[in-house]
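Working notes, beginning with the structure itself.
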Amino acid sequence: AKVTAETSSSWTPVANVGVSYEFAKNWTAIGTVSYLPLKTTSTITIRSAQGQVLAVNKTDIKVDPLVFGLAIGYKF
């Protein structure tokens with residue numbers, strides 16, 4: 001048997017908010033939060049050795065994570 005998997009192309013906007021704070025003469029702290037709403041469709045197809053389609057499964061995938069970032073910077 002042969003198994004193939006495909007996902008549809010998707011485009012999504014990203015919302016990003018950040019702040020930086022200079023807490024000493026050359027030192028800065030930076031924090032960011034990003035939101036990435038992603039939705040796509042995945043298709044898995046199973047074929048026999050002769051090429052006959054045995055099964056097809058389509059699944060909608062929705063992922064919407066919040067991504068946090070924290071950094072410390074130093075200016076020379």
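What you are looking at is a predicted structure, and each value in this text was computed from that prediction instead of being measured.
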Pairs under 3.5 angstrom only: tabulate donor-acceptor contacts from the side chains of residues 7-19 to other protein residues two or more places apart or in another chain.
from	atom 1	to	atom 2	distance (Å)
S8	OG	T40	OG1	2.9
S8	OG	T41	N	3.1
T12	OG1	P37	O	2.2
N16	OD1	S34	OG	3.1

First locate atom [atom1] of [X], then atom [atom2] of [Y], and finally report the distance between them rounded to the nearest 0.5 Å.
X	Y	atom1	atom2	result
D60	K39	CG	NZ	5.5 Å
T43	K58	OG1	NZ	4.5 Å
K75	E22	NZ	CD	4.0 Å
I61	S42	CD1	OG	4.5 Å

Tell me every residue that passes ring pair (Phe, Tyr, Trp, His ring centres under 6.0 Å) with Y74, counting only those two or more places apart in sequence or in another chain.
W27, F76
What's the shortest heavy-atom distance between V33 and F68, and which atoms?
CG2-CD2, 3.6 Å
Identify the two heavy atoms, one from F23 and one from T28, that lie closest to each other, and give their separation to 0.1 Å.
CE2-C, 3.7 Å
Within-4.5 Å side-chain heavy-atom neighbours: V53 and T45:
yes
Result of checking V3, T4, T59 against I44 for side-chain contact (heavy atoms from CB on, under 4.5 Å):
V3
Side chain to side chain contact (heavy atoms under 4.5 Å, CB included), that's the test. Do L38 and D64 meet it? Break it down for me.
CA-CA 6 Å; L38 176 65; D64 53 354; over 6 Å; no
My understanding is that only residues two or more places apart in sequence, or in another chain, count here; which of them pass side-chain hydrogen bond (donor to acceptor under 3.5 Å, both in side chains) with N57?
none
